[in-house]
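Notes to accompany the following structure.
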Amino acid sequence: MTPAIKVAEKHKIAFQVHQYKHDKKHESYGLEAAEKMNVDPKRVFKTLVVDLDKQLVVAILPVTEQLNLKAVANALKGKKAQMADKNDVLRSSGYVLGGVSPLGQKKQLTTVIDDTAKLYPDIYVSAGKRGLEIQLNAEDLASILSASFVALI
């Protein structure tokens, strides 16, 4: 039971947990998840921690896409966005890279979700460790995180 799953249970939302054997040699955690779960990779979302003007924020977007850092800065009315240092990600979230969940982070950060998430009845995000995904409705995810939907790609 990860902190992410505990948060989903606490909020009494509908969700499913999917587990698969993580291959350390796979180049992309997200694409591996889609492949092993036999799911459209556009429905599998990655959780990225971004340093926006020296403040950490979270961006959630499809694993098939690249994050547009300017879009994050614009959406959150910041100036300079860059990917956060991996040690800062670990300290802030409590999760290792490749297993960072938007749910159950040590410190709740301002979060934005790519608006393509609303195209699907549900999406998949990390459940807090490599090889573990949680399937849930994007609106439920946004509600729990007080997140907004914006164009991030």
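Since we're looking at a predicted model, the values are computed, not measured.
Expressed to the nearest 0.5 Å, how far CG of L52 lies from CD of Q82 amounts to 10.0 Å. Rounding to the nearest 0.5 angstrom, the gap separating the OH atom in Y120 from the CD atom in Q135 is 13.5 Å. Rounding to the nearest 0.5 Å places CD of Q108 at 9.5 Å from CD1 of I144. To the nearest 0.5 Å, atom CG of residue N137 and atom CZ of residue F15 are 13.5 Å apart. Interatomic distance, NE2 of H18 versus CD of E133, reported as 8.5 Å (0.5 Å rounding).
Residues L132 and Y20 approach most closely at N-CE2, 4.2 Å, considering heavy atoms. Shown here for I113 and L152, the closest heavy-atom pair between the two residues is C-CD1, 3.9 Å. Considering every non-hydrogen atom in both A71 and A151, the closest pair reads CB-O, 3.4 Å. Across all their heavy atoms, V50 and A59 have their closest contact at CG2-CB, 4.4 Å. Residues A117 and F149 share a closest heavy-atom pair of CB-CE2, 4.1 Å. Of all non-hydrogen atoms in L61 and Q66, the two that sit nearest each other are CD1-C, 3.8 Å.
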Taking it one step at a time, do I123 and L141 satisfy side chain to side chain contact (heavy atoms under 4.5 Å, CB included)? CA-CA 9 Å; I123 62 171; L141 179 63; 4.1 Å; yes

Using the rule given for side chain to side chain contact (heavy atoms under 4.5 Å, CB included), can you reason through S92 versus L109, listing the C-alpha separation, both sets of side-chain angles and the distance that settles it, and then say yes or no? CA-CA 9 Å; S92 172; L109 302 174; 3.5 Å; yes

Stepwise, does the side chain to side chain contact (heavy atoms under 4.5 Å, CB included) test hold for V150 with D114? CA-CA 5 Å; V150 298; D114 186 67; over 6 Å; no

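With hydrogens and angles disregarded, a donor-acceptor distance shorter than 3.5 Å links the side chain of S93 to the backbone of V89. Of the possible polar contacts, none joining the T64 side chain to the P62 backbone as a donor-acceptor pair under 3.5 Å is found. The backbone N or O of A147 lies less than 3.5 Å from no partner atom in the side chain of T111, so there is not a single donor-acceptor pair. When atom types are taken as modelled, the side chain of D53 and the backbone of A81 share no donor-acceptor pair closer than 3.5 angstrom.
V112 places a side-chain heavy atom less than 4.5 Å from the side chain of L76. Between H11 and E9, the closest side-chain pair of non-hydrogen atoms is not below 4.5 Å.
Considering I5, T2, V7 as possible partners of L103, the one that fulfils the side chain to side chain contact (heavy atoms under 4.5 Å, CB included) test is V7.
Residues in residues 36-52 take part in these side-chain hydrogen bond (donor to acceptor under 3.5 Å, both in side chains) pairs, two or more places apart or across chains: E32-K36, R43-D122. Sorted by first and then second residue, the pairs that involve residues 78-92 and meet salt bridge (charged side-chain N to carboxylate O under 4.0 Å, His left out), not counting sequence neighbours, are D88-R91.
Using a 4.5 Å cut-off between side-chain heavy atoms of Ile, Leu, Val, Met, Phe, Trp and Tyr, with links allowed through other members, V58 and L97 fall into the same hydrophobic cluster. V17 and I60 end up in the same hydrophobic cluster when Ile, Leu, Val, Met, Phe, Trp and Tyr side chains are linked at under 4.5 Å. Side-chain heavy atoms closer than 4.5 Å link hydrophobic residues (I, L, V, M, F, W, Y) into clusters, and following such links, even through other members, never connects V96 to I134. With hydrophobic clusters built from ILVMFWY side chains whose heavy atoms lie under 4.5 angstrom apart, L48 shares a cluster with V72. In this structure, I153 is not a member of the same hydrophobic cluster as V63, with clusters built from ILVMFWY side-chain heavy atoms closer than 4.5 Å.
Geometrically, K129 does not engage Y95 in a cation-pi contact defined by less than 6.0 Å to the ring centre and at most 45° from the axis.
Within 6.0 Å of the CD atom in Q55, the count of heavy atoms belonging to other residues, nucleotides or ligands does not exceed 12.
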